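So the structure is just underneath, and the comments pick up after that.
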Amino acid sequence: MNFNFKDFKMLLVNQIRENYSGVLTGLQKRNFPHVETVLKTVIDLDDLRKHYQFQKDDFKAEGNSISREIGQLMKEGKKEVSDVIKVRSADIKERIKRYEEYNIKAEADLKALLYTIPNVPHISVPAGKTADDNEVVLENGVIPTLHADKLPHWDLIKKYDIIDFDLGVKITGAGFPVYKGKGARLQRALINFFLDEALAQGYYEIQPPILVNEDSGYGTGQLPDKEGQMYFADADKLYLIPTGEVPITNIYRDVILSESDLPIKNVGHSPCFRREAGSWGAHVRGLNRLHQFDKVEIVQITHPDKSYETLESMSSYVQGLLQKLELPYRVLRLCGGDMGFTSALTYDMEVFSAGQERWLEVSSVSNFETYQSNRLKLRFRGEDKKIQLAHSLNGSALALPRIVAAILENNQTPDGINMPKVLHRYLGFDMIS
RNA sequence: AGAGGAAUGGCAGAGCGGUCGAAUGCGGCGGUCUUGAAAACCGUUGUACCGUGAGGUACCGGGGGUUCGAAUCCCUCUUCCUCUACCA
């Protein structure tokens, strides 16, 4: 690692100390096991760490003073005296070394434990264990009534020869489809549409690297422990990004912004790679779950007072896209058990895909509060000159494959598949037939 | 990929074994002067941890070593520059 995580502010510890009951009930909402034991251990380890640091610093101060003394004596030519003092220095060095080791150990233990603690959910997050406990915030749009011989998208793409899974298997493996002809053009049209919409809303366009180093993985919270989800290029120790969030948010790792820079609004298109180990089954046919897919991601860095307001605006923005694409959707507030590790509050947007008669998640919009910025050391200098952690947020706007699936399924007719009006000028055609 | 050079505070750039957290310039902030502005002048200007405080400790790309003492010496990794080779 090049980035120095050693001195990252132990914000979590302070949060736990200052708001013990809040953190406790929050983590309980996530069904985080052995909460009380873990929190108590955190505080104990932190106390231990402080104790050792105090001892270590004390001995170091003494060592420094001896060195200064020797320097002075050497200058005066009193070599014999300095030789005597050097003996004392050797003893101090021994102590420094010992307490330094204790301190490093305590800090490493503490950090390892802190890395296992997920973000504390926002007060509005419902308790719950699984996706069934998510709260439906709203539903919008008309669910189309299709003819009896409607098809799911995995049949439609074969019928019109626009996306080829078998070819992907030949070239790479399962979950790496080849988009062809109007399928490829639909994909490209959607990417351009999403980017243009974001630009119109004041977002700044980024094209990030799609391989990232270990530091970046830690910064946004994919590491440690989620290695299994990411492809890893062993020869160079680089991870293929599971989402554009990783590189786009890591732009601000170890950065002190000024308050006037906020809010930062970035948008970027990137392919995303997910190993999805062990998550295959009948319900993930076709485009529903892939190893490689495209996504346009929006990321914001905001003042802590503004992040929830921003979350709502990002949610509305994503809903606006779905409305323009004429897709029926609903918005879920995720329950504690279904939320991502790093999030404080997450809205999922799901579209109804009428061919398979299922809701498909197409976007996830989250506020991470200071969880990521603490790891990233992403701070800003306020009007009052004080430095504090910023809040980070992101959302898919949008993930391509399921949008494609829903467009194909919902707009199918016996004569072909109608394209949403808003895409016509991007596509250069209005129907796939 | 081979050969050589380099990495210092927001930027530029000194320092190459002892009081250096670091000269100097620019920039930033505060002030004097001015009707206002510019110029000039004066002051100030990194981050984190420990400590109620005084204060202490750490950081000169990352890690390790030599030494009583390292920005300075050694090893190693990373990155950048120049030349050569190769290549979208």
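If you're wondering where the values come from, they're calculated on a predicted model, not measured in any experiment. In what follows, every heavy atom counts, from backbone to side chain, and hydrogens, waters and symmetry copies are set aside. Throughout, a chain's letter reflects where its sequence line sits, starting with A, and its residues are numbered from 1.
Per the geometry, CG belonging to A/Asp254 stands 21 Å off P belonging to B/U78, to the nearest Å. One can place CG of A/Leu238 at 12 Å from P of B/U78, the figure rounded to the nearest angstrom. Spacing between atom NZ of A/Lys97 and atom C1' of B/C68 amounts to 17 Å, rounded to whole angstrom units. Distance A/Asn64 CG to B/C68 P: 15 Å, rounded to the nearest Å. The interatomic distance linking A/Phe380 (CZ) with B/G46 (C1') rounds to 18 Å, in whole Å. Distance A/His51 NE2 to B/C50 P: 15 Å, rounded to the nearest Å. The separation between A/Arg88 atom CZ and B/G69 atom P is 14 Å, rounded to whole Å. Rounded to a whole Å, the CE atom of A/Met74 is 14 Å from the P atom of B/U19.
When heavy atoms are screened at a 4.0 angstrom cut-off, A/Ser89 is found touching the sugar-phosphate backbone but no base atom. Residue contacts for A/Asp58: at a heavy-atom cut-off of 4.0 Å it reaches no nucleic acid atom on any strand shown.
Ring geometry for A/Tyr317 against A/Tyr203 counts as tilted: the plane angle lies between 30° and 60°, on a 0 to 90° scale. Between A/Phe59 and A/Tyr99, the ring planes are tilted. Angles from 30° to 60° get that label. Note on ring orientation: taking the six-membered ring where Trp is involved, the planes of A/Phe232 and A/Tyr239 are tilted (angle from 30° to 60°).
Remark: B/A37 base-pairs with no nucleotide; criterion is Watson-Crick or G-U wobble with both hydrogen-bond distances under 3.5 Å. The base-pairing partner of B/A1, taking Watson-Crick or G-U wobble contacts with both distances under 3.5 Å, is B/U84. Under the Watson-Crick or G-U wobble criterion, with both distances below 3.5 Å, B/C49 is paired with B/G56. Taking a pair to require two hydrogen-bonding distances under 3.5 Å in either a Watson-Crick or a G-U wobble arrangement, B/A12 pairs with B/U24. Across all strands shown, B/A71 remains unpaired; no Watson-Crick or G-U wobble contact has both distances below 3.5 Å. In a base pair of the Watson-Crick type (N1 to N3 plus N6-O4 or O6-N4) or a G-U wobble (N1-O2 and O6-N3), with each distance short of 3.5 Å, B/G43 is matched with B/C29. When both distances must be under 3.5 Å, the Watson-Crick or G-U wobble mate of B/U19 does not exist. B/A7 is paired with B/U78 under the Watson-Crick or G-U wobble criterion, all donor-acceptor distances under 3.5 Å.
Atom CG of residue A/Leu39 and atom OG1 of residue A/Thr37 lie 8.5 Å apart, to the nearest 0.5 angstrom.
Comparing the C1' positions of B/A88 and B/C77 gives a spacing of 29 Å, expressed to the nearest Å. Taking atom C1' in both B/G46 and B/G9, one finds a spacing of 6 Å when rounded to whole Å. A distance of about 43 Å separates the P atoms of B/U32 and B/G18, rounded to the whole Å. Taking atom C1' in both B/C86 and B/G15, the straight-line distance is 41 Å, to the nearest Å. The same atom, C1', is picked in B/G4 and in B/G10; the two are 31 Å apart, to the nearest Å. For the C1' atoms, the distance linking B/U45 with B/C50 amounts to 25 Å, nearest Å. The separation of B/U8 from B/C60, taken at their P atoms, amounts to 12 Å, rounded to a whole angstrom. B/U66 and B/U72 are spaced 15 Å apart, taking the P atom of each and rounding to whole Å.
Residue order along RNA chain B, read from the 5' end via each residue's closest nucleotide, puts A/Lys60 first among A/Lys60 and A/Ile66. Taking the nucleotide of RNA chain B with the nearest heavy atom to each of A/Asp57 and A/Gly71, the more 5' of the two is matched to A/Gly71.
For the pair A/Lys182 and A/Tyr160, the cation-pi test (distance below 6.0 Å, angle within 45°) is failed. For the pair A/Lys226 and A/Phe341, the cation sits on the ring face: its NZ or CZ lies under 6.0 Å from the ring centre, inside 45° of the axis.
OP1 or OP2 of B/G69 sits under 4.0 Å from a side-chain N or O of A/Lys93. Taking 4.0 angstrom as the limit, A/Arg379 places a side-chain polar atom (N or O) nearer than this to OP1 or OP2 of B/A48.
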Check against side-chain hydrogen bond (donor to acceptor under 3.5 Å, both in side chains), A/Ser343 and A/Asn119: CA-CA 6 Å; A/Ser343 173; A/Asn119 201 351; over 6 Å; no
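Side-chain proximity of A/Gln72 to the nucleotides B/C68, B/A48, B/U19 is greatest for B/U19. Out of B/G56, B/G51, B/U47, the shortest distance to the side chain of A/Ile387 is found at B/U47. Comparing atom distances between the A/Arg381 side chain and each of B/C49, B/U47, B/U57 picks out B/U47 as nearest.
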